[in-house]
Protein chains: 2
Amino acid sequence: MTETVTADTRDTRQRILDAAEGVFMACGYDGASMRQIAGDAGVNLAAGHYHFGSKEALFQAVLNRRLHVLNQERLRVLDELEAKAAGAPLKPSQILDAFFGTLLRMAITHGPRGQTFLRLIGRTLTEPSEFIRTALSKEFADVLERYKAALFRALPEVPKEEIVWRFHFMLGATSYAIAGIDTLRLITDWQTGATDDDLERLAPRLMSFLLGGLRAPLPAAPAAPQPRGNVRNRRKKP
Amino acid sequence: MTETVTADTRDTRQRILDAAEGVFMACGYDGASMRQIAGDAGVNLAAGHYHFGSKEALFQAVLNRRLHVLNQERLRVLDELEAKAAGAPLKPSQILDAFFGTLLRMAITHGPRGQTFLRLIGRTLTEPSEFIRTALSKEFADVLERYKAALFRALPEVPKEEIVWRFHFMLGATSYAIAGIDTLRLITDWQTGATDDDLERLAPRLMSFLLGGLRAPLPAAPAAPQPRGNVRNRRKKP
DNA sequence: AGAGAAATCAAACGATCGTTTAAATCATAC
DNA sequence: GTATGATTTAAACGATCGTTTGATTTCTCT
């Protein structure tokens with residue numbers, strides 16, 4: 001009973017995953033059809049259900065296949081940084097590079113399929129569908145907890161709530177920057193179809209932007225809408 | 001032939017638009033069904049097609065109804081700022097507030113429906129569907145051109161290409177921050193269902209973050225892959 | 001009131017969807 | 001070889017989709 005998978009089986013599964021990745025990216029979850037995925041993969045329609053059970057399960061498999069190795073790598077890089085720091089807080093730039101830089105580098109080294117996946121998760125993060133949300137939450141829970149803690153230590157003078165918000169903003173800028181390279185053509189008037197160069201040049205630009213945003217001065221308004229306050233002390237919460 | 005719309009007609013159209021706004025936001029374009037929209041609106045299934053022609057046209061109508069007034073307001077505010085500046089370049093913070101602040105303020109003043117719309121466009125901007133892209137491009141062309149020009153003048157030392165990229169990042173952080181307030185619960189462990197306060201407190205935080213990212217130091221790597229440069233002067237281009 | 005346009009309604013159309021079924025094919029062990 | 005299990009295949013199922021139709025109701029105007 002030790003999972004005797006033949007070579008042919010793995011090929012079919014892999015082909016389905018690859019095709020599904022592309023179709024889900026191009027059409028979204030609802031817009032994609034099992035028939036188109038099977039067609040692109042060159043397999044029978046029923047193969048998808050045979051190997052994965054359902055469309056939802058296939059989508060989760062597509063996400064997890066790459067998300068898992070990405071997040072494992074993120075944890076490994078963070079471990080390495082913290083070991084090298086020997087107890088001292090990390091620099092914000094190090095943390096951002098470990099989280100977002102790892103993402104971008106993985107997409108580059110994995111070729112066009114990596115970019116496809118990047119754009120897929122960019123789309124996916126804005127889909128509030130229930131099963132997608134739970135799938136992502138399980139896959140991201142550990143990583144986000146670790147990186148949040150690292151940022152808290154790196155920026156002790158910034159309220160934790162503020163850091164969480166800015167982490168959220170950075171996620172948005174990143175996923176959007178990747179998912180919406182087409183959208184950028186909506187802003188600019190480029191018609192250059194560059195793809196590889198786009199991504200390689202995106203990384204340093206994005207990292208600068210994220211770092212600037214993360215270290216921006218705190219908002220002037222104390223973010224708590226209580227204008228009747230006679231006390232305006234800004235107690236620094238430990 | 002002067003468009004004699006009766007009161008009842010406007011009510012039905014409005015109800016359909018409101019319901020469609022909510023369903024499209026919750027389910028996405030493909031996930032939403034005309035039957036559910038009609039049901040939520042309390043009208044017959046055929047009413048949607050009678051008043052709008054097709055599902056695509058209904059979606060465009062939902063987008064344009066609010067996008068148009070938003071972008072008109074954005075242009076008006078920018079006009080006002082530039083008139084007051086009397087030829088001098090605007091401050092980046094003024095431009096960002098005119099663009100993103102107007103968006104957030106409109107969402108707040110329009111109540112829960114405004115937030116629904118905000119989250120809808122947050123989702124929509126990541127859908128690369130063809131007709132959606134063209135619809136958005138038409139609606140955004142003028143505004144983006146004006147604001148790009150204003151930013152170019154405000155930041156003459158920053159390469160225009162860099163500004164366009166950062167504009168893109170800011171759009172992403174904003175749309176994602178709004179569309180994904182649920183996603184934020186994926187990061188944090190809040191279970192508070194706050195909505196109004198969330199948005200009101202979001203604005204100053206987001207503006208600080210955007211401004212910090214916009215004014216971040218330029219990426220160390222000159223973004224052009226020519227490492228053989230023997231000159232490392234950072235000429236300030238006029 | 002009555003003609004005519006505008007709007008609503010119930011019902012159906014064809015298409016496509018995810019999923020299932022049962023037979024056919026392949027691989028592997030005895 | 002045959003038997004057994006894994007995989008692939010063709011075909012169909014029921015459900016839901018966007019859209020259309022034609023009758024019916026509501027409104028507008030003389």
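Excluded from the calculations below are hydrogen atoms, water molecules and symmetry mates; all remaining heavy atoms, backbone and side chain alike, are included.
Look at CG on B/D30: it is 15 Å from P on C/dT16, rounded to the nearest Å. The distance between atom CG of A/L45 and atom C1' of C/dT19, rounded to the nearest whole Å, is 8 Å. Between the P atom of D/dA6 and the CZ atom of A/F52 lies a distance of 17 Å, rounded to the nearest Å. The interatomic distance linking B/M34 (CE) with D/dT20 (P) rounds to 10 Å, in whole Å. Taking atom NZ on B/K55 and atom P on D/dT20, their separation rounds to 14 Å, with Å as the unit. Rounding to whole angstrom units, CD1 of residue A/I37 and P of C/dT16 are separated by 17 Å. As rounded to whole Å, 13 Å separates atom P of D/dA12 from atom CZ of A/R35. If you measure from atom CD of B/E56 to atom P of D/dC17, you get 17 Å, rounded to the nearest angstrom.
Contact annotation: B/H51 does not reach the phosphate of C/dA6 (side-chain N/O to OP1 or OP2, under 4.0 Å). B/S54 has no side-chain polar atom (N or O) that falls below the 4.0 Å cut-off from OP1 or OP2 of D/dG18. Regarding contacts with the backbone of C/dA7, every side-chain N or O of B/N44 stays at 4.0 angstrom or more from both OP1 and OP2. Phosphate contact (OP1/OP2 of D/dT16, side-chain N/O of B/S33, threshold under 4.0 Å): absent. A sub-4.0 Å separation between OP1 or OP2 of C/dA7 and a side-chain N or O of B/T12 is absent.
B/Y29 carries B/K55 over the face of its six-membered ring, with the cationic atom under 6.0 Å from the centre and within 45° of the normal.
Among the atoms of the strands shown, base atoms are found under 4.0 Å from some heavy atom of A/A46. Within 4.0 Å (heavy atoms only), A/A32 reaches sugar-phosphate atoms of the nucleic acid but no base atom.
For B/H68 (side chain) and B/N64 (main-chain N/O), no donor-acceptor pair under 3.5 Å exists by modelled atom type.
Residues B/G53 and A/Y50 each lie close to DNA chain D; by heavy-atom proximity, the contact nearer the 5' end of the strand is made by A/Y50.
The residue from B/L78, B/V77, B/T174, B/L171 that alone fulfils the side chain to side chain contact (heavy atoms under 4.5 Å, CB included) condition with B/F99 is B/L171. Just one residue in the list A/Q72, A/K148, A/R74 forms a side chain to side chain contact (heavy atoms under 4.5 Å, CB included) with A/V143, and that residue is A/R74.
Counting only heavy atoms from C-beta outward, the side chains of A/I37 and A/V43 never approach each other to under 4.5 Å.
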